[in-house]
Amino acid sequence: MSFDSQSWLARARALIGDAHVLSSDRGDDLSAYTRDWRNKFEGPALAVLRPANTEEVQAIVRLAAATGVAIVPQGGNTGLCGASVPGSTGPRAVVLQLGRLNRILDIDVENNTATVEAGCVLQTLQQQAAAVGRLFPLSLGAEGSCQIGGNIATNAGGVQVLRYGNTRDLVLGLEVVLPDGERLDLLRGLRKDNTGYDLKQLFIGAEGTLGIITAATVKLFAAPDARVVAFAGVASVAQAVQLLGAMRQRLGERFTAFELISGEAIALVRHYFPDTPAPLQGDWPWYVLMEAADGGDDAVLREAMQTALMACMEDGQLEDVALAGNVAQGQALWMLRENITHAQQMDGSNIKHDVSLPISRIPAFVAAMLPQLAQAFPGARPIVYGHLGDGNLHFNVSAPAAIEPGSWQLQTDAVNQVIHDAVAALHGSISAEHGIGQLKRHELPLYKSAIELDVMRRVKQALDPVGLMNPGKVL
Ligand SMILES: Cc1cc2nc3c(=O)[nH]c(=O)nc-3n(C[C@H](O)[C@H](O)[C@H](O)COP(=O)(O)OP(=O)(O)OC[C@H]3O[C@@H](n4cnc5c(N)ncnc54)[C@H](O)[C@@H]3O)c2cc1C
């Protein structure tokens, strides 16, 4: 039977309302939904659908399943792997934009949990938790626009994984609409629940390929009263790793963030954001941004941080250090870190890598990689930074200065191979936190075992036998 897009759109409009079905045939501009954040991936969509609640999501999924239309779930569209937009080939698809499911359903202060709809913007959840003296610790550069559903679907990491874990560690319960339109209610706020398979884990990090997350119950924590930020210069990655171990030993649970930043990354930020002050007097090849947080008095934590840092200096674990004097100075130091992605985008073409390794192997990896890249790709500019405390490096390689615009991306596979082969040899991962999406789909078979891929395919087949849930992503 031939597909009649007009009658499909009319059915969708009858289900969720005329205003919430955007389609180009009536002049709506879909590009904000069909093109990804990096302008790297774009694919056609029959429509962009914005349901208001779980029932409307179910109705749309049932319509799509009955008519063979693929669904691309989308949150804030800030993902960096092309997973949130349609592929350029594959079955006819719609984008299911979750932004209208944005209510905070419940904050249970005694249980230390929040139950939120999937389209709630991360920052809104952080703010609502803070308003009742609680912390939702997931924190990342895109927090003003990414949504909790997208965070869960990508198992987002961010800057406080060291203390609180990845999104996977923060989720207690989920509500999911399955590819056949059934609602799977796992929305429990339990910290202990040993009743068989932990099904929610299947959907965390699945990049929307197994179902649509419509709500979640997440953990909250006591909001720290005191927070101290420090910025250190180190001579090498090996010294940074020593510093990490020493600071963890000295501050324990109070140590919440440890970000490694190369001198080149800092220079890039200061070039594109010229008002950025120099964080330290001298220049160092590597820097470390650290944060500690705790209940109680600011001065007590500051004293503990200062004592720990001075001891590290005496022990040769850092070269120079500055402690933020107040909240504004702390935020300014964090902006140095957050602006790296933006500065790189302004700087032009770069080939991104989001790898993880056992922390102990990172110095050897970086030491081997820099000369290897210089030899293989003369003039290429590695911009290295990342959540060193989690063994996660963003090992991005910017185009050589004198290269034809557009031609650097043609080297992507070759650069990836050099870096990802080295990561695999050290038993690391080619995707620490951003996911696979379309970007690394072709690389997955190179670095995962056949049996691991086979089990993943069997799970996909069991839940989405027709393959209409975010096709062309991950597998
Ligand atoms: C400046 C910047 C900084 C970033 N920093 C970090 C960082 O530190 N750590 C990190 O981990 N990531 C980071 N990211 C990547 C990105 O922001 C996160 O991965 C974020 O979690 C994606 O959320 P989103 O709502 O934008 O999801 P989208 O981009 O819309 O979607 C991402 C994936 O999730 C799926 N999805 C979205 N919503 C749902 C749903 N309700 N149900 C099922 N599937 C769904 C999509 O289909 C897609 O596969 C950063 C991105 C930017 C732009």
Side-chain angles (χ1 to χ4, degrees), residues 32-41 51 54 57 61 70-87 93 95-102 116-123 125 138-161 166-168 170 174-179 184 202-216 257 259 334-335 337-345 352 354 356 385-387 390 392-394 431-439 441 464 469-474:
Y33 307 97
T34 55
R35 191 181 300 150
D36 82 319
W37 192 84
R38 293 171 64 198
N39 289 327
K40 206 175 162 70
F41 296 97
T54 302
V57 172
V61 172
I71 291 189
V72 180
Q74 187 180 85
N77 197 16
T78 68
L80 301 171
C81 298
S84 53
V85 296
V95 172
L96 194 75
Q97 220 293 328
L98 276 300
R100 289 179 68 221
L101 278 81
N102 60 4
V116 290
E117 290 186 325
C120 177
V121 168
L122 172 57
Q123 198 168 57
L125 175 55
L138 181 64
S139 175
L140 47 95
E143 64 197 23
S145 45
C146 64
Q147 300 174 4
I148 193 71
N151 302 145
I152 294 171
T154 57
N155 183 27
V159 294
Q160 300 203 87
V161 173
N166 288 296
T167 301
R168 191 180 293 287
L170 303 175
L174 282 186
E175 179 187 75
V176 180
V177 172
L178 297 173
L184 177 63
L202 276 180
F203 302 93
I204 303 174
E207 300 183 45
T209 59
L210 299 178
I212 294 155
I213 297 160
T214 45
E259 300 286 307
W334 270 109
M335 283 317 289
R337 164 66 178 83
E338 300 302 354
N339 279 335
I340 300 172
T341 319
H342 301 294
Q344 276 209 285
Q345 212 181 26
K352 288 190 189 297
D354 161 42
S356 65
Y385 61 100
H387 316 293
D390 323 323
N392 178 190
L393 285 185
H394 298 314
S431 177
E433 57 177 13
H434 295 162
I436 298 297
Q438 302 184 62
L439 185 70
R441 184 180 173 225
D464 183 24
M469 203 50 71
N470 214 1
K473 318 293 165 54
V474 187

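Indexing begins at 1, ligand by ligand and atom by atom, following the structure's order.
Proximity of P73 to ligand 1, defined as any heavy-atom pair under 4.0 Å, is shared by backbone and side chain alike. Neither the backbone nor the side chain of I152 comes within 4.0 Å of ligand 1, counting heavy atoms alone. Counting heavy atoms under 4.0 Å from ligand 1, residue F203 does not touch it at all. At a heavy-atom distance under 4.0 Å, atoms from both the backbone and the side chain of T78 approach ligand 1. Contacts with ligand 1 closer than 4.0 Å are made by no heavy atom of K473, backbone or side chain.
For the pair R441 and K473, the minimum side-chain heavy-atom distance is 4.5 Å or more. Within the 4.5 Å cutoff, no side-chain heavy atoms of V61 are placed close to those of P179. Within the 4.5 Å cutoff, side-chain heavy atoms of T341 are placed close to those of W37. Under the 4.5 Å side-chain criterion, counting only non-hydrogen atoms from C-beta, K352 is in contact with Q344. The closest side-chain heavy-atom distance from L174 to I204 is below 4.5 Å. The closest side-chain heavy-atom distance from V72 to V85 is not below 4.5 Å. At least one side-chain heavy atom of V159 sits under 4.5 Å from a side-chain heavy atom of E259. Side-chain contact between K40 and L439 is present, with at least one heavy-atom pair separated by less than 4.5 Å.
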Subject >> Evaluation steps, side chain to side chain donor-acceptor pair (under 3.5 Å), between D354 and N392 >> reply: CA-CA 7 Å; D354 161 42; N392 178 190; 3.2 Å; yes
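Within the 3.5 Å criterion, the main-chain N or O of E117 finds no donor-acceptor partner in the side chain of N102. The backbone N or O of E175 sits less than 3.5 Å from a side-chain atom of T214, completing a donor-acceptor pair. Side chain of N77 to main chain of D36: no donor-acceptor pair is present (N/O by atom type, distance under 3.5 Å, no hydrogens or angles). Distance alone, capped at 3.5 Å, is enough to place a donor-acceptor pair between the Q74 side chain and the Y33 backbone. Remark: side-chain polar atoms of Q97 are paired, donor with acceptor, to backbone N or O of G99 under 3.5 angstrom. A distance-only check finds a donor-acceptor pair linking the side chain of N470 to the backbone of E207 [under 3.5 Å].
Ligand 1 places these atoms under 4.0 Å from at least one heavy atom of G208: 43 (C), 44 (N). Set against the non-hydrogen atoms of G211, the atoms of ligand 1 under 4.0 Å away are 43 (C). Listed by atom number, the atoms of ligand 1 under 4.0 Å from G149 heavy atoms are 38 (N), 39 (C), 41 (N). Residue-ligand proximity, W37 to ligand 1, at heavy-atom distances under 4.0 Å covers atoms 53 (C). Taking a cut-off of under 4.0 Å to the non-hydrogen atoms of A156, the atoms of ligand 1 that pass are 11 (O), 21 (O). Residue-ligand proximity, N470 to ligand 1, at heavy-atom distances under 4.0 Å covers atoms 47 (O), 49 (O). Against a heavy-atom cut-off of under 4.0 Å, E207 is close to the following atoms of ligand 1: 47 (O), 49 (O). Annotation for ligand 1: atoms under 4.0 Å from non-hydrogen atoms of H387 are 8 (O).
Counting only heavy atoms of the protein, atom 34 (O) of ligand 1 lies nearest to A153 CB, 3.3 Å. Protein heavy atom nearest atom 6 (C) of ligand 1, with residue, atom name and distance: L140 CB, 3.8 Å. Nearest protein neighbour of atom 29 (O) of ligand 1, counting heavy atoms only, is G79 N, 2.7 Å. Atom 21 (O) of ligand 1 has as its closest protein heavy atom N151 ND2, 2.8 Å. Atom 52 (C) of ligand 1 has as its closest protein heavy atom A142 CB, 3.6 Å. With respect to atom 7 (C) of ligand 1, the closest heavy atom belonging to the protein is E433 OE2, 3.4 Å. For atom 11 (O) of ligand 1, the nearest protein heavy atom (residue, atom name, distance) is G157 N, 2.8 Å. Nearest protein heavy-atom contact of atom 12 (N) of ligand 1 is H434 CD2, 3.6 Å.
When the heavy-atom distances from atom 38 (N) of ligand 1 to G150, G386, A215 are ranked, the shortest goes to G150. Between atom 42 (N) of ligand 1 and the options I213, T154, I71, the minimum heavy-atom separation is to I213.
Ring planes of H394 and H387: perpendicular class, angle over 60° (limits at 30 and 60°).
Residue contacts with ligand 1 include N77, since one or more of its heavy atoms lies under 4.0 Å from the ligand. Ligand 1 is never approached by E338 to a heavy-atom distance shorter than 4.0 Å. Within the 4.0 Å heavy-atom shell around ligand 1 one does not find G119.
At a 3.5 angstrom cut-off on N or O pairs, R337 does not count as close to ligand 1. Considering backbone and side-chain atoms alike, A118 places every N or O at 3.5 Å or more from each N or O of ligand 1. Annotation: L80 places no N or O atom under 3.5 Å from an N or O atom of ligand 1; distance criterion only.
When only modelled atom types and interatomic distance are considered, N155 and T167 share no side-chain donor-acceptor pair under 3.5 Å.
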